[in-house]
Chemist: 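What follows is a structure written as structure tokens; I'll ask about it next.
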Number of protein chains: 2
Amino acid sequence: MDLHQALKSSFLFSGLTEAELSQIQAIAGIKQYAKGELIFAEGKEATCFYIVASGQVKLYKISAQGKEQILHIVNPGETFAEAVMFSGGHYPAFSETLSHSRLIHLPKEAFLQLIKQNPQLSLNMLATLSKLLRRLNRLVEELSLKDVSSRLAQYLIEQSRQTGQPTETGVQLELDASKTQLASRLGTISETLSRTLRKLKQAGIIQVKGNLITILDLDTLNEMASGAKYD
Amino acid sequence: MDLHQALKSSFLFSGLTEAELSQIQAIAGIKQYAKGELIFAEGKEATCFYIVASGQVKLYKISAQGKEQILHIVNPGETFAEAVMFSGGHYPAFSETLSHSRLIHLPKEAFLQLIKQNPQLSLNMLATLSKLLRRLNRLVEELSLKDVSSRLAQYLIEQSRQTGQPTETGVQLELDASKTQLASRLGTISETLSRTLRKLKQAGIIQVKGNLITILDLDTLNEMASGAKYD
DNA sequence: CGTTCGCTTGAGGCCGTTCAAGCGACGTGG
DNA sequence: CCACGTCGCTTGAACGGCCTCAAGCGAACG
């Protein structure tokens with residue numbers, strides 16, 4: 001996927017004319033990153049925002065004790081750190097590649113000029129930020145009000161909706177990151193995730209083979225995701 | 001504060017001409033709410049967003065077990081539920097007045113038209129959403145990575161910066177809501193908050209008199225807020 | 001073949017919640 | 001004016017979910 005293609009495939013730029021895309025392309029750059037490379041640190045001065053052309057990026061926070069909480073995993077075609085253009089001059093979290101990645105970077109000031117001139121771009125950006133808000137809203141809800149089982153159940157359901165393959169026994173899904181990363185995303189640690197998976201497996205709700213999971217009992221899983229207690 | 005004044009004093013409408021303000025005023029309505037009144041329920045179809053003219057509003061989620069997590073407390077001049085205009089047709093949380101309040105409501109569709117025609121309004125809205133994102137980012141960080149003592153310490157520090165009064169012994173601040181509400185905002189319950197306050201009091205870090213709190217040892221409080229463990 | 005890495009499993013402990021009771025302030029009605 | 005209810009807050013005891021620490025295991029890789 002080249003720069004032009006990548007820009008075109010991103011939601012943020014949908015509905016723009018070729019001429020407008022060219023304007024954006026003119027200020028964009030692309031760069032390769034190795035796996036596990038730091039893109040920016042929390043608190044660092046923000047100069048640009050990013051689009052993932054290929055690979056995978058995680059946004060995360062770290063506690064004083066070293067525990068990590070993943071805020072978001074960014075997949076190809078998606079943007080991140082958009083919000084730095086409109087408030088605050090510093091990145092609010094850490095960002096790191098999960099695999100070999102190619103990232104398009106767009107300088108903050110130049111892009112801000114384009115937004116001011118382009119109403120459609122403004123509206124797309126508003127929609128993008130709104131979606132982020134909803135996602136974070138749900139993350140807060142999960143962390144504060146639900147236990148690990150609920151969060152895992154909810155994640156499995158969502159993942160199965162997006163990438164699930166029906167099989168004889170149930171819907172099969174593939175974890176989109178390592179179990180350690182998943183744990184961090186669910187606001188817990190790998191040990192606890194491992195135990196929780198085992199619990200669901202022993203209860204006959206799911207089946208686990210490496211990072212392939214088959215949902216055997218969707219009804220019970222739905223109940224758990226809603227926060228009901230499970231014995 | 002009348003409707004025109006309230007609109008004018010809101011950040012969202014800063015930098016607009018009188019003519020533009022009139023356009024907004026034309027589609028706005030105002031309504032009185034008693035204390036504890038529900039403004040909208042989570043999942044209800046979203047028809048408009050709101051500005052607080054007077055009073056106080058809480059946005060919150062509720063777990064299946066009945067535990068409440070406050071996402072945000074909205075004060076006069078501030079807006080809420082803006083994001084419903086750009087993504088999703090349903091309110092993502094509950095909303096309820098904390099005191100007798102007057103709220104301006106702006107119908108979603110009509111306001112969207114104004115935004116499309118007004119670049120400055122778009123930019124203001126982008127800035128508003130960005131701030132919300134930052135706030136939620138921090139809430140996630142606190143809930144996931146910090147214990148109750150840290151969260152309380154951070155809250156006290158922020159509150160003292162905003163509304164603190166210097167006294168002989170230290171900075172005095174007033175809790176902007178009941179302790180039960182504060183607990184919900186900090187992601188805990190009133191019992192735990194009560195115990196945590198007592199712990200800080202006994203350690204000589206703060207002094208508590210009703211909802212007046214004096215910070216005696218800001219240095220230690222800062223350490224606690226950063227997430228360092230306290231013995 | 002040794003090392004590293006991701007994952008799993010167990011034991012132990014802590015933080016925060018749940019359940020329960022008590023207290024003072026406040027408002028209402030007898 | 002007092003009795004009684006409610007409400008917000010506090011305190012105690014006990015439980016439980018999740019984290020910490022520690023060890024072991026298989027797979028990948030140099």
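Below, read A as the first sequence line, B as the second, and so on, with proteins coming before strands; counting in each chain starts at 1. Computation of the quantities below employed the complete heavy-atom set of this structure, encompassing side-chain atoms and omitting hydrogens, waters and symmetry-equivalent molecules.
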Chemist: For atom NZ of B/Lys8, decide whether the heavy atoms of other residues, nucleotides or ligands shown that lie under 6.0 angstrom number more than 12.
Modeler: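 Counting other residues, nucleotides and ligands, NZ of B/Lys8 stays at 12 neighbours or fewer.
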
Chemist: Name the one of A/Arg135, A/Arg151, A/Arg185, A/Arg138 that satisfies salt bridge (Lys or Arg N to Asp or Glu O under 4.0 Å) with A/Glu158?
Modeler: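 With A/Glu158 as partner, A/Arg135, A/Arg151, A/Arg185, A/Arg138 yield a single salt bridge (Lys or Arg N to Asp or Glu O under 4.0 Å), made by A/Arg138.
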
Chemist: B/Gly187 near the nucleic acid: base, sugar-phosphate alone, or nothing, with a heavy-atom cut-off under 4.0 Å?
Modeler: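 Sugar-phosphate, backbone atoms only, no base.
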
Chemist: Tell me: NZ of A/Lys209 to P of C/dG6, nearest whole Å?
Modeler: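 In whole Å, C/dG6 P and A/Lys209 NZ are 24 Å from each other.
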
Chemist: Which whole-number value in Å describes the distance from A/Ile189 CD1 to D/dC21 C1'?
Modeler: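 Answer to the nearest Å: 10 Å.
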
Chemist: With sequence neighbours excluded, tell me which residues meet side-chain contact (heavy atoms from CB on, under 4.5 Å) with B/Leu216.
Modeler: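 Partners of B/Leu216 under the side-chain contact (heavy atoms from CB on, under 4.5 Å) test: B/Thr169, B/Gln207, B/Thr214.
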
Chemist: When you measure from the side chain of B/Asp147, which nucleotide among C/dC15, D/dC18, C/dT18 comes out closest?
Modeler: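 Output: C/dC15.
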
Chemist: Would you mind telling me which of A/Lys58, A/Glu37, A/Lys35 makes a side-chain contact (heavy atoms from CB on, under 4.5 Å) with A/Glu96?
Modeler: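 Answer to the side-chain contact (heavy atoms from CB on, under 4.5 Å) test with A/Glu96 among A/Lys58, A/Glu37, A/Lys35: A/Lys58.
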
Chemist: Walk me through whether A/Lys61 and A/Glu68 qualify under salt bridge (charged side-chain N to carboxylate O under 4.0 Å, His left out).
Modeler: CA-CA 6 Å; A/Lys61 297 254 188 182; A/Glu68 171 190 292; over 6 Å; no

Chemist: Cation-pi between A/Lys131 and A/Phe11: NZ/CZ under 6.0 Å from ring centre and within 45° of the ring axis?
Modeler: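 Pair A/Lys131/A/Phe11 counts as cation-pi.
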
Chemist: Would you mind reading off the distance between B/Leu145 atom CG and D/dC19 atom P, rounded to a whole angstrom?
Modeler: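 My rounded result for the distance is 11 Å.
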
Chemist: Base, backbone or nothing for each nucleotide of nucleotides 7-12 of chain C, written B, S, -, heavy atoms under 4.0 angstrom, 5' to 3'?
Modeler: SSBBB-

Chemist: Find the distance B/Lys67:NZ to D/dG17:C1' and express it as a whole number of Å.
Modeler: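 So the two atoms are 13 Å apart, to the nearest Å.
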
Chemist: Tell me the interatomic distance from A/Glu68, atom CD, to C/dG6, atom C1', rounded to whole angstroms.
Modeler: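 The answer, rounded to whole Å, is 14 Å.
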
Chemist: Could you tell me the separation between the CD atom of B/Gln69 and the P atom of C/dT17, rounded to a whole number of Å?
Modeler: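 These atoms are roughly 10 Å apart.
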
Chemist: Given atom CG of A/Leu186 and atom P of D/dG17, what is their separation to the nearest angstrom?
Modeler: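 Going from A/Leu186 (CG) to D/dG17 (P), I get 18 Å.
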
Chemist: Given atom CD of A/Gln65 and atom P of C/dC14, what is their separation to the nearest angstrom?
Modeler: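 One finds 15 Å between P of C/dC14 and CD of A/Gln65, rounded.
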
